[in-house]
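Convention: sequence-line order gives letters A, B, ...; per-chain numbering from 1.
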Amino acid sequence: MANSYDRIYAVVRQIPAGTVATYGQVAELAGLMGKPRVVGYALYKVAPEDEIPWQRVINAKGEISTSAFRDGSDDLQRILLEDEGIEFEGNKINLSKYRWQPSPEMIGAIDFGNDDTADSSG
DNA sequence: CAAATGACGTTAC
DNA sequence: AGTAACGCCATTT
């Protein structure tokens, strides 16, 4: 299971500290264009042992979705981000400053756990 | 299979 | 700047 998931995780893991990426951003890189829902849903299943920096993933509004679904602390994410050096403007983040700029090398460095699709040669 | 849910994005007014 | 509605689909029950 998880054909699209692995991709999402792979992308999210590439997000460097001090930067934040939006769902659309991750989705796009993960090849889930137009399906930001899947990205969020994927992170939903993310476990603290997956070593996935889900905290660096926020919505397009630059806000933290916040939901008492995880560790029970909505602030948790903010705390983690602040610890990375990210500043909060009120309750939002300046995407213009912390927006993760995926470098072409990054995208290529991402290891997509493909199963059947594709074939590469060529 | 069908219905309901969900860490969102985009468009339109 | 804020509200409202649609879209998109994997996961869960």
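For A:Glu82, the side chain to side chain contact (heavy atoms under 4.5 Å, CB included) partners are A:Arg78, A:Phe88, not counting sequence neighbours. By the side chain to side chain contact (heavy atoms under 4.5 Å, CB included) test, A:Ala30 is found to be paired with A:Arg7, A:Ile8, A:Val11, A:Leu32, residues two or more places apart in sequence or in another chain being considered. Annotation: side chain to side chain contact (heavy atoms under 4.5 Å, CB included) contacts of A:Gln55 (sequence neighbours excluded): A:Pro53, A:Gln77, A:Leu80, A:Leu81, A:Glu84. Scored by the side chain to side chain donor-acceptor pair (under 3.5 Å) test, A:Thr22 finds A:Arg99 as partners (sequence neighbours excluded).
Note: CG (A:Asp6) to C1' (C:dA10) measures 14 Å, nearest angstrom. If you take CE of A:Met33 and P of C:dA10, they are 17 Å apart, rounded to a whole angstrom. Atom CH2 in A:Trp54 sits about 12 Å away from atom P in B:dA7, given to the nearest Å. Distance OH (A:Tyr44) to C1' (C:dC9): 16 Å, rounded to an integer number of Å. Distance, A:Leu76 CG to B:dA7 P: 15 Å, rounded to whole Å. Across the protein-nucleic acid pair, A:Tyr9 atom OH and C:dA10 atom P stand 14 Å apart, rounded to whole Å. Rounded to whole Å, atom P of B:dC8 lies 15 Å from atom CG of A:Leu95. Atom CG of A:Leu29 and atom C1' of B:dG9 are 15 Å apart (whole Å).
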(request) May I have the step-by-step check of side chain to side chain contact (heavy atoms under 4.5 Å, CB included) for A:Ile58 and A:Leu95, ending in yes or no? (result) CA-CA 10 Å; A:Ile58 58 177; A:Leu95 293 171; 3.6 Å; yes
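Taking CZ from A:Arg13 and CD from A:Glu51, the interatomic distance works out to 7.0 Å, rounded to the nearest 0.5 Å.
Aromatic ring orientation, A:Tyr41 versus A:Tyr44: tilted (interplanar angle from 30° to 60°).
Within residues 12-25 of chain A, no residue is approached by DNA chain C to less than 4.0 Å at the level of any non-hydrogen atom.
Side-chain proximity of A:Tyr41 to C:dA10, B:dT10, B:dA7: nearest is C:dA10. With C:dC9, B:dA7, B:dG6 as the choices, the nucleotide that has an atom nearest any side-chain atom of A:Lys35 turns out to be C:dC9.
When all heavy atoms of A:Gly40 and A:Tyr23 are compared, the closest pair comes out as CA-CE2, 3.6 Å. Taking both residues in full, the closest heavy atoms of A:Trp100 and A:Ala21 are given as CE3-CB, 3.7 Å, listed atom of the first, atom of the second, then distance.
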Nucleotide N/O of nucleotides 4-7 of chain C paired with protein N/O under 3.5 Å:
none

